Amino acid sequence: MATSTAPGKVYLFGEHAVVYGEPAVPCAVQRRAEVSVKERSSGLRVQAGDLTLSGFAVEYDGAELSRPDVDAPDALVDAALGYLNEALAQARDAANAPRAGFDVVVNSDIPLGAGLGSSAAVTVAAIDAATRSLGIELDRTELAERAYQVESAVQGGQASRADTFCSTMGGAVRVEGEDCQTIDAPDLPFVIGYDGNTGDTGALVADVRNLRNNYAFAADTISAIGDLVRRGERRLTSDAQAELGRLMNFNHGLLSALGVSARSLDAMVWAARNAGASGAKLTGAGGGGCVVALDETDETLTALNYTPECETAFRAALDTVGVQENS
Ligand code: MEV
């Protein structure tokens, strides 16, 4: 049995625009997914708990997949299984073991489909654990690349390397097309608000692509996000928090213009700003899920906890540890 963990992330800046080659700066946060894998002669058995689902187990052999009985939208469960399936296919390919079967247990404290990188964290940890269970150890660059291939396959060819590179490396990263780098960043006072909803990343990315194909303003908005990220990355120091927050606010406005915000996300963003946060924005694909704000005081956390649209709010520190084997 091999067990690996990998962190979730928030986007300080740049989601969606990064799909079109603009830079983005995601930061890994201390909420992790843990995947344990044991080789078995054939087929696949998956048990998952704490994915903000009540926990589910599926067993399937080849094409036979029994639908798990869970209180979650089918699309979400399908997506979660899709990421796992593709991750295990990458592990078989890397280990040259095309017929390997696996027993997989997933435990995660990252809400599923909520903009905190749950799918990337599960994918990265699953490839790492599955390849270890087959007796090989991938270097991080190859692991990140294989995890990106998984996201790209599940999201219909429309994915950036940002989520998977961040989850593999930990800390703050900068991704622009194929250029992926770890960067220095202070431990910013992230406060996260979660509306209890989910967004369908593939569908939201496709919506933005349609908008960009049909409206010049959308293409301009995407390059404006890129300009904002280039400005923000030069100010990644703890004494520039006011400017970083201002840029996060602008970034949220531009994402709203692209149609990926939601009433609940806007309500949480405004609750954070009114409470004195330096800035607040949605994080990840949008449509529902999480916002991230900067505030070292307790005011934003308290305000979010009293906001009807917010199901839960919590602090999340930068996680400098990327994918890691759990012994
Ligand atoms: C989703 O977490 C981030 C997006 O930019 C998609 C991607 O980068 O693949 C919306």
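In listed order, ligands and their atoms are each counted from 1. All values reported here derive from a predicted model rather than from experimental measurement.
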Completion exercise
Partner of T201 under side chain to side chain contact (heavy atoms under 4.5 Å, CB included), picked from T198, L204, V205, is V205

Handout entry: Nearest protein heavy atom with distance in Å, relative to atom 3 (C) of ligand 1
Key = Y11 OH, 3.6 Å

Problem - Shortest protein contact, atom 9 (O) of ligand 1 (heavy atom only) - result: S160 N, 2.8 Å

Problem - Salt-bridge present (D93, R146; N to O < 4.0 Å) - result: yes

Completion exercise
Correct closest heavy-atom pair for F13 and V229 would be CB-CG2, 3.7 Å

Handout entry: hydrophobic_cluster_shared for L84 and F102, side chain cutoff 4.5 Å
Key = yes

Practice task
List every atom of ligand 1 that sits less than 4.0 Å from any heavy atom of K9, numbering the atoms from 1 in the order shown and giving each element.
Solution key: 2 (O)

Handout entry: Over-ring placement of R31 relative to F314, 6.0 Å and 45° cut-offs
Key = yes

Exercise for the section: Starting from atom 5 (O) of ligand 1, locate the nearest protein heavy atom and write down its residue, its atom name and how far away it is, to 0.1 Å. Expected result: H16 N, 2.9 Å

Problem - Atom indices of ligand 1 within 4.0 angstrom of A159 heavy atoms, with elements - result: 9 (O)

Problem - Proximal atoms of ligand 1 relative to V19 (non-hydrogen, under 4.0 Å) - result: 5 (O), 6 (C), 7 (C), 8 (O)

Completion exercise
Taking only non-hydrogen atoms of E15 and a 4.0 Å limit, the atoms of ligand 1 in range are 5 (O)

Problem - For D163, the ligand 1 atoms whose distance to one of its heavy atoms is below 4.0 Å - result: 1 (C), 2 (O), 3 (C)

Completion exercise
Taking only non-hydrogen atoms of Q155 and a 4.0 Å limit, the atoms of ligand 1 in range are 9 (O)

Handout entry: Proximal atoms of ligand 1 relative to V18 (non-hydrogen, under 4.0 Å)
Key = 5 (O), 8 (O)

Problem - Pairwise side-chain contact, E176 with E22, heavy-atom cut-off 4.5 Å (strictly under) - result: no

Handout entry: Considering all heavy atoms, the nearest P7-D319 contact
Key = CB-OD2, 3.8 Å

